[in-house]
Amino acid sequence: MPVSALKARDYKSGIKPVWCPGCGHFAVLSALTKALAYLELPKEAVGLVSGIGCSSRLPSYVDSYGFHGVHGRALAVATGLKAARPDLTVLVTGGDGDGFSIGGNHFLHACRRNMDITYIVMDNRVYGMTKGQASPTTAPDWSRSKMTPHGTGVRRFQPAAMALAAGATFIARAFSGNPSEMTRMLVEAIRHPGFSLLHCLSPCLTFRPDQRDWKEKAHGITEEPTSDPLEAARLINADDGLGLGIVYAEQMPVWQPRTDASRSVEALEEELRV
Amino acid sequence: MNSLLSGDITSVAEFLAHALELEVESAERYNELADNMEVHNNPGVAELFRLLAEYGRRHAGAVRQQASTYELPAIPPWDFKWNCPEGPESPCAEDTNYLMNKCDALQVALHNEQRGRDFYAEVARSSPSSDVQRIAAEMAEEEGGHVEMLKEWIAREACDFQPAVDDLDPPNMPE
């Protein structure tokens with residue numbers, strides 16, 4: 001079948017997702033397959049890498065190359081894949097715990113490296129697979145887990161602020177309650193040359209039924225995407241955690257290690273020039 | 001009632017592209033929900049969602065046939081002219097849960113069919129094209145028939161829409 005004839009459903013693997021009914025991740029899967037169809041990407045040109053957690057099951061449900069990796073190490077695996085196969089469109093999926101806690105340091109350096117990778121974080125502010133513990137993005141006073149009966153007392157990790165400070169060149173937030181808009185942002189993120197963070201609010205209605213109200217509370221940001229990091233910092237600092245849209249998009253040199261076996265001295269000198 | 005339409009649909013081809021997306025999306029979403037209910041061992045509701053998916057597939061087939069003589073525009077998923085996150089007839093994942101029964105599922109379907117009917121009716125009222133008005137009105141009438149069918153079905157099931165029963169061994173027992 002020609003790529004242009006592929007529909008979103010053709011990118012689904014046929015494996016039935018085991019996510020709970022009502023889970024926001026269904027919308028992310030739907031938006032991702034629509035984005036792949038819109039971009040007319042051949043299935044064999046896409047590498048989808050994940051870590052561990054509910055959201056990290058996603059590669060199994062997509063008919064492309066996939067790697068369900070080690071907890072927190074999805075970005076490390078994806079970096080290796082992109083280094084070896086720069087021709088692939090490399091996408092990474094995972095959750096807030098996998099990406100910002102267990103894999104927190106990989107996240108910082110992936111932002112800094114600015115390889116052409118799209119990182120889709122499905123944030124439900126809870127460890128769902130292990131039955132509902134506080135994650136790095138959980139509010140400090142959330143006390144529904146027996147492990148943190150008085151809340152964590154720790155301020156929430158700020159993905160957008162950290163990504164900006166660490167050097168990501170595309171930062172956006174989407175919401176699974178608006179999958180069409182999420183599809184648009186995914187398309188933009190995949191097209192962006194460099195490291196793209198798409199922070200997806202994806203409710204866990206099983207362990208965080210309070211997140212039902214995101215549908216009312218989530219709101220679009222009114223500003224156009226900026227390429228000025230100072231302006232982006234101002235927008236991110238003013239954000240209430242539920243603002244949706246592309247905040248920051250800047251064209252910066254994309255880092256891609258060369259894989260040629262030999263090189264001239266002149267080429268080496270050029271590469272090492274400060 | 002909030003408007004379901006975000007802009008004028010001005011040609012038959014554009015309208016049929018919307019109708020096809022609406023029906024295909026609806027059928028696929030019901031199939032996903034049926035899969036999900038099977039995974040979570042709710043076979044009765046899975047069967048109902050599968051049936052609704054089949055209805056959607058047939059409607060999509062009818063629209064596809066109607067559209068066969070037109071060159072349909074390729075519309076990006078985010079540019080369809082409806083004021084809802086997905087197609088007006090697509091059930092939202094968040095409206096489902098593993099304890100839902102047949103009556104809950106029928107209520108979800110009724111809500112979606114009503115939105116589909118209202119979307120078509122709004123196009124019929126607002127389109128500047130008389131051809132679009134006519135076809136949209138026909139589809140609104142057809143959807144209205146589905147709404148009545150679902151209401152009768154709900155009446156047959158004697159649904160009283162009580163809150164879901166408590167699960168004595170819930171998956172969300174915080175640890």
Side-chain angles (χ1 to χ4, degrees), chain A residues 4 7-9 12 14-31 33-35 37-38 61 126-128 130-134 143-149 175-188 202-209 211-212 214-215, chain B residues 6 20-22 24-42 45-46 49-50 53 57 60 64 74-88 90-101 104-105 108 164 167 169-175:
Chain A
S4 59
K7 305 290 183 200
R9 64 178 171 275
K12 291 191 177 168
I15 296 173
K16 295 177 185 174
V18 298
W19 296 318
C20 305
C23 178
H25 300 348
F26 285 102
V28 182
L29 174 62
S30 172
T33 53
K34 284 182 181 176
Y38 178 79
Y61 309 139
V126 75
Y127 284 97
T130 50
K131 302 194 77 176
Q133 296 81 26
S143 55
R144 291 266 303 168
S145 166
K146 284 182 184 170
M147 289 186 71
T148 49
F175 171 44
S176 62
N178 192 344
S180 297
E181 196 54 23
M182 183 184 285
T183 307
R184 185 182 70 81
M185 284 192 246
L186 267 167
V187 166
E188 295 292 323
S202 182
C204 172
L205 299 184
T206 300
F207 293 104
R208 298 294 308 264
Q211 290 171 348
R212 276 188 188 279
W214 281 359
K215 198 134 200 169
Chain B
S6 64
L20 188 58
E21 175 72 9
L22 184 151
V24 167
E25 186 79 30
S26 167
E28 289 183 2
R29 196 50 37 84
Y30 279 124
N31 257 328
E32 281 173 17
L33 291 177
D35 287 348
N36 199 221
M37 289 297 152
E38 280 171 7
V39 167
H40 289 271
N41 195 29
N42 194 339
V45 175
F49 279 142
R50 199 73 74 193
R57 197 187 62 76
R64 200 172 280 118
I75 301 174
W78 52 91
D79 274 347
F80 285 99
K81 292 175 178 170
W82 39 59
N83 270 332
C84 31
E86 284 189 288
S90 299
C92 296
E94 69 193 41
D95 292 336
T96 62
N97 69 75
Y98 72 102
L99 288 174
M100 73 190 303
N101 56 33
D104 299 326
V108 168
D167 184 352
D169 183 22
N172 60 344
M173 185 69 78
E175 292 183 347

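All chains are named by letter (A, B, ...) in the order of the sequence lines, taking the proteins before the strands, and each is independently numbered beginning at 1. Note that this is a predicted model, so its numbers are computed, not measured.
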Kindly give the heavy-atom pair with the smallest separation between B:His40 and A:Trp19, and that separation in Å.
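Scanning both residues, the minimum pair turns out to be NE2-O, 3.0 Å.
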Nearest atoms (heavy-atom pairs only) where B:Val39 meets A:Val18
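Looking at all heavy atoms of both residues, the closest pair is CG1-CA, 3.9 Å.
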If I measure from the heavy atoms of chain B, does A:Cys204 come under 4.5 Å with its side chain, its backbone, both, or neither?
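It is neither, since no heavy atom gets under 4.5 Å.
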Identify, with sequence neighbours excluded, every residue that meets side-chain hydrogen bond (donor to acceptor under 3.5 Å, both in side chains) alongside B:Arg50.
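Checked B:Arg50 against side-chain hydrogen bond (donor to acceptor under 3.5 Å, both in side chains); matches are B:Asn31, B:Asp35, B:Glu38.
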side-chain hydrogen bond (donor to acceptor under 3.5 Å, both in side chains) against A:Glu188, all qualifying residues, sequence neighbours excluded
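Scan of A:Glu188 (side-chain hydrogen bond (donor to acceptor under 3.5 Å, both in side chains), adjacent residues dropped) gives none.
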Which distance, rounded to the nearest 0.5 Å, do you find between the OG of A:Ser30 and the CD of B:Glu25?
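Separation between the atoms: 5.5 Å.
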Can B:Glu28 and A:Lys7 be said to form a side chain to side chain contact (heavy atoms under 4.5 Å, CB included), step by step?
CA-CA 12 Å; B:Glu28 289 183 2; A:Lys7 305 290 183 200; 5.9 Å; no
Contact between B:Met100 and A:Pro21 at the side-chain level, heavy atoms closer than 4.5 Å - yes or no?
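Contact flag for B:Met100/A:Pro21 side chains = no.
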Matching residue for B:Glu32 among A:Arg9, A:Lys16, A:Lys12 - test: side chain to side chain donor-acceptor pair (under 3.5 Å):
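When A:Arg9, A:Lys16, A:Lys12 are each tested with B:Glu32, the side chain to side chain donor-acceptor pair (under 3.5 Å) holds only for A:Lys12.
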Picking from B:Asn42, B:Val24, B:Thr96, B:Asp95, which has the most non-hydrogen pairs under 4.5 angstrom with chain A?
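Most pairs with chain A among the choices: B:Thr96.
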